[in-house]
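Each remark here refers to the structure printed beneath this line.
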There are 2 protein chains.
Amino acid sequence: MRIKRETDYAIRCVNYLAMRHGQIAVIGDISKNAFVPRKFLAKILQKLARAGIVTSHRGVKGGFELARGPSLINFLEVIEAIQPVEMNVCALDDRLCALSDTCAVHPVWIEVREEVRRVLAKRNFAHIKTAGAGTGTG
Amino acid sequence: MRIKRETDYAIRCVNYLAMRHGQIAVIGDISKNAFVPRKFLAKILQKLARAGIVTSHRGVKGGFELARGPSLINFLEVIEAIQPVEMNVCALDDRLCALSDTCAVHPVWIEVREEVRRVLAKRNFAHIKTAGAGTGTG
DNA sequence: TCTAAACAAGACTTATTTAGTCCTCTTTTT
DNA sequence: AAAAAGAGGACTAAATAAGTCTTGTTTAGA
Ligand code: SF4
Ligand code: SF4
């Protein structure tokens, strides 16, 4: 049970943008400082933009910036911009398991998923102490 | 972020054995009632046995039974008998990410992982309401 | 003591997912 | 117009998950 590499990248990226809140950063800059492969990062930023977490600016002088203050962006949002928090398939969507109608375990997974989502929603990007990998200063 | 299919099988299997606590069940029986492919289930039961969750009996009249009462077996144990609860690689083991020494996000994952493990440890097999898939009566 | 019913264990195979790259197009400033 | 950005889809390779196959060991009982 693990987040994807891509999701780790997304969080490091948002964390970096949180540090430089107010400034526009270009992909190459984010890539270097957050240690994320450039081309892959471009894709990730598109997802974050569609999710309303970052704002993109096209053309010369373009780049990305956080759409809101760091304290208003939590881990759950960023994670779910990249991948669903499923825990078990049936907890995301009943219809993904044919047994869900009668399964005795199913309701437990629904509860567990909600609790885990709450755990993730509790952490925001103002909570993170700066300095170190993913912040561009280490 | 999802448990493996194998882990879902393990939980259904333990749940079935919990229903028939006190009796020895043979692989074919568990397979039919918990809807788990027979050969694959054999592997899963080996892992559960090594983890001390079930007891195996070899030879004619052999089979499997729960090693303890259903209320003494929780979700976390069963899951971790099959796969680690990582959340993020670095939360399981620092050394798996070269950045962990300086990473500002790393401590957050450590906390999150512990909280998630606590969520899973809260559920035991006496909590599950019988009847339905994974119980052999549906 | 022989046989059949059970589990043990590891090698193997296939399908799916993850982690990325590549190429072409659009937008925007100068 | 040219150059500097991002958008988006097609594609590839590596890793992991899901499951089978084969062979061996243990045990009850005829
Ligand atoms: S818990 Fe029950 S419903 Fe959910 S996936 Fe497993 S079998 Fe299907
Ligand atoms: S959070 Fe930091 S330490 Fe953990 S995996 Fe991501 S980069 Fe590595």
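Lettering of chains follows the sequences in order, A, B, ..., and the numbering in each one begins at 1.
Other residues, nucleotides and ligands contribute over 12 non-hydrogen atoms within 6.0 Å of the NZ atom of A:Lys122.
Between the C1' atom of D:dT22 and the CZ atom of B:Arg38 lies a distance of 14 Å, rounded to the nearest Å. Taking atom CG on A:Asp8 and atom P on C:dA19, their separation rounds to 10 Å, with Å as the unit. Between the CG atom of A:Leu48 and the P atom of D:dG6 there is a distance of 14 Å, rounded to whole Å. Rounded to an integer number of Å, the gap from CD1 of A:Ile30 to P of D:dA5 is 12 Å. Atom CG in B:Leu41 sits about 12 Å away from atom C1' in C:dC7, given to the nearest Å. If you measure from atom NE2 of A:His57 to atom P of D:dA7, you get 10 Å, rounded to the nearest angstrom. The distance between atom CZ of B:Arg2 and atom P of D:dT16, rounded to the nearest whole Å, is 17 Å. In this structure, B:Phe64 atom CZ and C:dC7 atom P are separated by 5 Å, rounded to whole Å.
When distances are taken from the side chain of B:Arg5 to each of C:dC22, D:dA18, C:dA5, the shortest belongs to D:dA18. Distances from the side chain of B:Lys4 to the nucleotides C:dT18, C:dG20, D:dA18 place D:dA18 closest. In this structure, the nucleotide among C:dT30, D:dA4, D:dG29 sitting nearest to the side chain of A:Lys61 is C:dT30. For A:Ile27, taking side-chain heavy atoms from C-beta onward, the closest of the listed nucleotides C:dC7, D:dG6, C:dT21 is D:dG6. Distance from the side chain of A:Arg58 is smallest to D:dA7 among D:dA7, C:dA4, C:dT29. Side-chain proximity of A:Phe40 to the nucleotides D:dA28, C:dT21, C:dA8 is greatest for C:dT21. For A:Lys43, the side-chain atoms get nearest to D:dG9 when compared with the rest of D:dT20, C:dT28, D:dG9. If you check C:dA19, D:dG6, C:dG20 against the side chain of A:Pro37, the one that comes closest is C:dG20.
Residue-level contact check: A:Gln46 touches the bases, meaning some heavy atom is under 4.0 Å from a base atom. Counting non-hydrogen atoms under 4.0 angstrom, B:Leu45 reaches nothing in the nucleic acid.
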Using the rule given for side-chain hydrogen bond (donor to acceptor under 3.5 Å, both in side chains), can you reason through A:Arg12 versus A:Tyr16, listing the C-alpha separation, both sets of side-chain angles and the distance that settles it, and then say yes or no? CA-CA 6 Å; A:Arg12 300 219 305 261; A:Tyr16 176 69; over 6 Å; no
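At least one side-chain nitrogen or oxygen of B:Tyr9 sits closer than 4.0 Å to the OP1 or OP2 atom of D:dG19.
The 5' end of DNA chain D is approached more closely, in terms of each residue's nearest nucleotide, by A:Gly59 than by the other of A:Gly59 and A:Arg50. Comparing B:Lys39 and A:Ala49 by the nucleotide of DNA chain D that holds the closest heavy atom to each, the one mapping nearer the 5' end is A:Ala49.
Partner of A:Glu65 under the side chain to side chain donor-acceptor pair (under 3.5 Å) criterion, chosen from A:His57, A:Gln23, A:His21: A:His57.
The closest donor-acceptor contact from the side chain of A:Ser31 to the backbone of A:Pro37 lies at 3.5 Å or more, if one exists at all.
In terms of hydrophobic clustering, with Ile, Leu, Val, Met, Phe, Trp and Tyr side chains grouped at heavy-atom distances under 4.5 Å, B:Val26 and B:Tyr9 are assigned to different clusters. Hydrophobic clustering (side-chain heavy atoms under 4.5 Å, transitive across Ile, Leu, Val, Met, Phe, Trp, Tyr) groups A:Leu48 together with A:Leu76.
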